[in-house]
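All chains are named by letter (A, B, ...) in the order of the sequence lines, taking the proteins before the strands, and each is independently numbered beginning at 1. Every heavy atom of this structure was used, including side-chain atoms; hydrogens, water molecules and symmetry mates were not.
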Amino acid sequence: MNKATLKENRVHGEPVYPVSTYRFSCGPEEPLMDLHWHDELEFLLLVEGAAAFRVDTADFELRAGEAMFVNSGELHSGRVLGDEPVTFLAVVFGADLFGDVREKVYDRYIFPLVQRNYVVPTKISLETTAERAIVALLRELFDANESGAPMRELTTKGLLHLCLSKLLALGGENRRAETTDGRIERLKTVIEYVEARCEETIALRDLAALAGMSEAYFCRFFKKITAKTPVEYVNSVRIQRAAELLRRTDRKIMAIALEVGFSNLNHFNGEFKRRFGCTPSDYRRRAAAG
DNA sequence: CCAGGGAATTGTGGACCGTG
DNA sequence: CACGGTCCACAATTCCCTGG
């Protein structure tokens, strides 16, 4: 997973088979999942450790064995809880896996889900039989994909149908169907703006104006959703980008600092150390060695 | 109850200096 | 040239409040 990209534009799977699975592990001090979103749907199964996730405005914790569902377009991020390493498996799939509006399965079940006319739980714990069944299906799905089992595409598609069927059974009609929170959409605009122009000077007032909020209110709302302040967020995007340049190029540290939007080497070094626990040149040395 | 504003408080980041 | 330390204006963030 490319952690520097917030709106994931890469295609998950191939157009003819829009599914991809991946396994991700990290240590207790490492970032688990930076804030991002994608149009695809996603199931995530935590196999080791404990983690806290935020999906749009909701916070919850997952322990090993529990899973979560992320709907199309939902902003999500996660961090490690405790001092155990964390491993999760994820399957990301396009809604078009289930056909299009001409098909009953899509029209009746998938479309309302993606449109939020029908809401389902995000966290899938192990409390009920139905939830345990979903988790078992996910395990089967990941086993098939990780072992490269024969006919795994067919198996995966079938299992995803079953997972969604059981998930939908846990949900219900959305009473406030048309009242989806427009603030989240405006926040995404801000995030895209930062992604596109993080090398420029970015002032809080510009971001607040983009979101159509006062600076003070924007700060509060931004932190509520992303768990970071706007400035922390901008810096994290810049540092991620700088880390990539350090790994991939041999440009001077100062040049990279300038390129990703830091006008002051001092400040760049400080932010870098905060994120990676080492100086930029240490980081480059380690990357070259490892 | 919640969105939002103004004021008070906090802390970032730009400048400059010293060291290896 | 990389990097750390210090200082401080003022931008960012939080606090506290009002009106819907």
Length of the [atom1]-[atom2] vector between [X] and [N], whole Å:
X      : N      : atom1 : atom2 : answer
A:I239 : B:dG13 : CD1   : P     : 10 Å
A:L258 : B:dG13 : CG    : P     : 15 Å
A:Y283 : C:dA2  : OH    : P     : 17 Å
A:F268 : C:dG4  : CZ    : P     : 11 Å
A:R251 : C:dC1  : CZ    : P     : 15 Å
A:D250 : C:dC1  : CG    : C1'   : 15 Å
A:F272 : B:dT12 : CZ    : P     : 18 Å

**Asked** A:L81 and A:F60: same hydrophobic cluster, using ILVMFWY side-chain contacts below 4.5 Å?
**Response** no
**Asked** If two hydrophobic side chains count as joined below 4.5 Å and joins carry through other members, does A:V120 share a cluster with A:F43?
**Response** yes
Fit a plane to each ring of [X] and [Y], take the angle between them on a 0 to 90° scale, and name the class: parallel (under 30°), tilted (30 to 60°) or perpendicular (over 60°).
X      : Y      : result
A:H38  : A:H76  : perpendicular
A:F111 : A:Y106 : tilted
A:Y283 : A:F276 : tilted

**Asked** Contact class for A:K228 (heavy atom, under 4.0 Å): base, sugar-phosphate, or nothing?
**Response** nothing
**Prompt:** Below 4.0 angstrom from OP1 or OP2 of B:dG13, is there any side-chain N or O of A:N235?
**Reply:** yes
Quick test of your reading of the model: are [X] and [Y] salt-bridged, counting only N-O distances below 4.0 Å?
X      : Y      : answer
A:E271 : A:R274 : yes
A:E131 : A:K123 : no
A:D107 : A:K104 : no
A:E66  : A:R63  : no

**Complete:** Expected string for nucleotides 10-15 of chain C under the B/S/- scheme (protein heavy atoms, under 4.0 Å, primed atoms plus P, OP1, OP2 as sugar-phosphate) is --SBB-
**Fill in**
Its contact letters, B for base, S for sugar-phosphate only and - for none at protein heavy atoms under 4.0 Å, make nucleotides 14-20 of chain B read BBB----
